Structure formats: structure tokens, C-alpha cells
Protein chains: 2
Amino acid sequence: MAKVTKNDTSTEEKILAAAKQVFMENGLDGARMQDIADRAGINKALLHYYFRSKEKLFERIFMEEAQKFMPKVTTIMLSEMPLFEKIEKFMGEYIDTLSQNPLLANFILNEVSRNPKEMMKKIWGNSRPPIDKVEEHLAKLIKKGEIKPIRAYDLMINMVSLCIFPFIARPMVQWVTKTNDEEFIKMMEQRKKSVVRFVIDSIKK
Amino acid sequence: MAKVTKNDTSTEEKILAAAKQVFMENGLDGARMQDIADRAGINKALLHYYFRSKEKLFERIFMEEAQKFMPKVTTIMLSEMPLFEKIEKFMGEYIDTLSQNPLLANFILNEVSRNPKEMMKKIWGNSRPPIDKVEEHLAKLIKKGEIKPIRAYDLMINMVSLCIFPFIARPMVQWVTKTNDEEFIKMMEQRKKSVVRFVIDSIKK
DNA sequence: GTCTATAACTCGATAGAC
DNA sequence: GTCTATCGAGTTATAGAC
């Protein structure tokens with residue numbers, strides 16, 4: 001309350017912005033505090049003044065980014081839309097998020113690999129992915145003969161794979177397809193449609 | 001020639017085996033020469049005697065592993081099999097390779113991200129992925145009305161995504177599906193069939 | 001070829017002046 | 001809050017004995 005409002009392109013924010021960039025580009029091990037300080041336009045000592053240690057600073061960045069990775073997606077799958085519409089929204093949402101955060105997928109996946117249980121708890125907390133709900137939804141449609149039999153896990157893994165992988169393997173994809181950054185993003189934009197069609201064609205009867 | 005044949009479960013091989021393990025688990029930055037020495041049952045000095053530096057040793061390991069990643073797969077796509085059979089062989093080959101080398105995908109993708117152009121040249125040399133051949137093959141079948149229209153790039157990216165991603169996100173997948181290592185591998189084994197069906201169902205008319 | 005010992009250096013962290 | 005200076009741990013790399 002009441003005028004605690006200090007200048008808000010503050011040092012802390014500069015640090016966070018710099019740290020985000022450096023950690024996402026280099027990972028925890030690869031990142032250098034000196035590098036972060038330089039990009040923030042300050043010195044190392046200040047980093048430790050604001051965030052006690054490298055680990056603590058990293059933790060902060062990781063949590064902020066991890067939130068982006070799971071979120072709306074769960075709500076979509078839990079909603080009451082028709083299945084094909086869910087699929088479209090789900091994959092569109094994922095691809096949009098990654099298009100706007102090019103290094104996000106790599107960053108999360110890497111750090112989760114380093115320390116799976118801890119990180120998964122940090123990301124999901126007490127909640128869990130909405131598999132049961134999807135299972136139900138699929139069961140109904142399979143019974144009605146509207147789609148081919150498929151396990152919920154398989155469908156989810158397939159959708160996520162199709163969305164995320166091209167971003168993880170982005171340097172390879174760009175090398176193979178000879179696209180620059182702009183063209184790559186355009187390609188992903190088109191992919192939103194083609195990949196949804198790919199999934200739906202695969203399961204519909 | 002002539003008796004340069006020295007004992008061949010030699011120190012050098014022990015080092016390479018140890019280095020492979022440590023680098024694949026921790027990446028270039030995370031790996032420690034001490035750790036490699038310990039696992040090889042020797043001391044750090046010897047590492048430098050055989051391979052001048054950490055970088056050089058890493059390079060050696062990276063190249064050996066990278067070879068595994070691309071190879072047979074190209075031959076399959078260039079062969080004269082029917083398309084659906086190609087797809088089956090291609091994806092089966094990929095999943096088998098990754099099942100036997102759990103950390104391979106992560107390792108390669110990470111290090112390629114760190115230095116894309118260099119690494120891609122090291123991996124592919126002068127050759128290129130067999131996109132044109134696939135393009136041709138697809139064009140024929142589309143014309144005959146046997147499959148739906150799809151771009152070769154899209155099909156290739158989709159297939160590779162479906163094969164590789166579950167291994168990259170393995171800790172997440174195992175957490176979500178509550179599977180242990182053994183069950184995960186079994187799951188991937190089943191996936192070989194389900195994922196091939198998924199792709200074929202999607203493109204066949 | 002293999003070892004021990006240590007040099008040379010990098011980097012996160014802290015002390016202390018302003 | 002911000003800076004300079006420096007410490008101290010940890011790591012790669014080398015020297016030199018065997």
C-alpha cells in the first residue's frame with residue numbers, strides 16, 4: 001500500500017531480465033554470474049545482495065518460466081468443448097507459447113532432467129495432469145463409434161510431442177529446412193493447422 | 001603394422017567408456033574430469049595424456065554418439081520399400097536406438113543447441129537428409145490418390161517428433177504415467193506399433 | 001604409461017568503503 | 001543500494017618422478 005511504489009524498471013527487474021536470458025541460453029551450469037551482471041549493467045556483488053546465491057536466483061527464474069509451460073493447457077483439457085475443438089485449442093496454445101518463448105521448452109526439459117522429482121513437484125505442486133478427464137471423454141466417443149480406439153496417454157504424448165519437439169530441435173530443423181528465424185516462426189504458424197489436422201485425421205473414423 | 005596391437009581393453013577404451021557416461025549424464029559443462037577419471041579407475045593426469053583437453057575428449061565422444069543418431073534412418077528413407085513399410089522401419093529403428101541409448105537424444109540435441117552450425121556440419125558432413133526422395137515418393141502416391149496431401153517436411157518432422165520426444169521428456173513422462181524404468185521401456189516398445197498406426201491412419205485415404 | 005603434486009585459473013561469494 | 005577488492009573452493013591442466 002501507500003507509496004511503497006518505488007521506481008519499477010528497478011535493479012531487481014533488470015537482474016531478473018538478464019538472468020532469464022542467461023539461464024535460458026546456458027542452463028544452470030553454463031550460466032555465469034558475471035555474465036548476468038554485465039547484461040544487467042551492474043556488478044556481481046549486487047546480484048548477491050538481491051538474491052543470496054546463484055541457486056536462489058535460478059530457482060526464481062525457473063519457477064516463473066515453468067508456470068508458463070503447463071497452464072492454460074490444463075484448463076482446456078478439462079473444459080466442456082467437443083474433442084476436436086479441444087485438440088485444436090490445446091495444440092494452438094502450446095505452439096503459440098513456444099513461438100513467443102523460443103528457449104522455454106529446452107530450458108524446462110533440461111532442468112527437469114537434472115532433478116526430476118523436485119522439479120516436477122515445483123511445477124505441478126499438488127495438482128496432476130488431467131488424464132482421467134481425457135480418458136472419460138475418449139471412452140464416450142469410442143463407444144459412440146466416432147473415433148478409433150486410442151489411449152489417453154498416447155494421444156496426449158503425441159500431441160505434446162508434435163508441438164514441442166520442433167522447438168527443441170529448432171537448430172536442426174532450421175538447418176534441414178534452410179529457414180531463418182522469421183521463416184521458422186512462420187512455419188510453426190502454419191504447423192498449428194497442419195498438425196491439428198494430422199491428429200484429427202488419425203483418430204476420427 | 002606389425003604388432004602395434006596393444007592390449008585392447010586398454011586405458012584409452014576405459015576412458016572413452018567413462019567419458020561417454022559422464023558427458024551424457026551431465027553435459028559438457030556439468031561433467032567433471034575427476035569424475036571421468038574415477039569411473040575409468042585412473043587419475044586425471046592420464047586423461048590429459050590421452051586426450052589433450054576436456055574439450056577434445058568431449059568432441060570425440062560427441063562425434064561417436066552423433067553418428068548413431070542419423071544413420072540407418074537415412075538409408076531406410078532412400079530405399080525402395082512401399083511408403084507405409086518405410087514409415088514402420090524408420091520409426092521402429094529410431095525408437096529402438098533410443099531405447100538402447102536412453103540419454104542419446106538429450107545429449108545430441110543439447111550440444112547442437114549450444115553450437116548449431118558447427119555441430120550440424122560435424123554430424124552430416126557433406127551429405128543431407130533425404131527430403132527430396134521422400135517428396136518424390138509422396139507426390140506419386142498423392143497423385144494416385146492413395147494418401148492425403150502432405151508435405152515431406154511435415155511428415156518427417158512429425159515422425160521424428162513422435163519418436164524422440166518421449167525420450168527427451170522421459171522424466172516427465174514417467175512422472176505423469178507413474179512408470180518405472182522397466183515399464184517405460186515396455187511402453188516405448190508398444191509405442192512402436194501404436195505410433196506407426198497413428199501416422200499411417202493420418203495420411204492414408 | 002602411470003602416478004603424485006601443484007600450478008594456473010575460473011567463479012561464486014563476502015567484506016567493507018561510500 | 002551500489003561499488004571495488006579479495007577470498008576460497010573447485011577444476012582444468014602441467015611438471016616431473018617412477
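Keep in mind that what you see is a predicted model, and the values were worked out from it rather than measured. Order of the sequence lines fixes the chain letters, A, B, ..., with proteins taken first and strands second; residue numbering starts at 1 for each chain. The analysis underlying the following values was restricted to heavy atoms, covering all of them including side chains, and did not include hydrogens, waters or symmetry mates.
- Between A/F167 and A/F184, a ring centre-to-centre spacing shorter than 6.0 Å is recorded.
- A salt bridge does not link A/D35 to A/R32: none of the charged nitrogens lies less than 4.0 Å from a carboxylate oxygen.
- Within 4.0 Å (heavy atoms only), A/L47 reaches no atom of the nucleic acid at all.
- Between A/D38 and A/Q34, the side chains place a donor N or O and an acceptor N or O closer than 3.5 Å (distance only, hydrogens not considered).
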Scan nucleotides 14-18 of chain C against the protein and return all N/O pairs shorter than 3.5 Å with their distances rounded to 0.1 Å.
none

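- Rounded to a whole Å, the CD1 atom of B/I15 is 11 Å from the P atom of C/dG1.
- The distance between atom CZ of B/F51 and atom C1' of C/dG1, rounded to the nearest whole Å, is 14 Å.
- Closest non-hydrogen pair, A/R191 versus A/L162, comes out as NH2-O, 3.0 Å.
- Checked against the 6.0 Å centroid threshold, B/F58 and B/F23 count as a close aromatic pair.
- By the 4.0 Å N-to-carboxylate-O rule, B/R39 lies close enough to B/E25 to be salt-bridged with it.
- The stretch residues 54-61 of chain A touches DNA chain C through A/K54, each having a heavy atom under 4.0 angstrom from the strand.
- Within residues 20-38 of chain B, the residues approached by DNA chain D to less than 4.0 Å at the level of any non-hydrogen atom are B/A31, B/R32, B/M33, in residue-number order.
- In this structure, a donor-acceptor pair under 3.5 Å is absent between the side chains of A/D96 and A/Q100.
- Counting heavy atoms from C-beta on, the side chains of B/D181 and B/R170 come closer than 4.5 Å.
- Taking a cutoff of 4.0 Å between a charged side-chain nitrogen and a carboxylate oxygen, A/E93 and A/K89 do not qualify as a salt bridge.
- Between C/dG12 and A/S53, no contact under 4.0 Å exists linking OP1 or OP2 to a side-chain N or O.
- The pair A/K133-A/E136 does not meet the salt-bridge criterion, since no charged nitrogen lies less than 4.0 angstrom from a carboxylate oxygen.
- If you check the side chains of A/H48 and A/K54, you find no donor sitting under 3.5 Å from an acceptor.
- Rounded to an integer number of Å, the gap from A/Y50 OH to C/dA13 C1' is 18 Å.
- Contact between the side-chain N/O atoms of B/N43 and the OP1/OP2 oxygens of C/dC3 is found at a separation under 4.0 Å.
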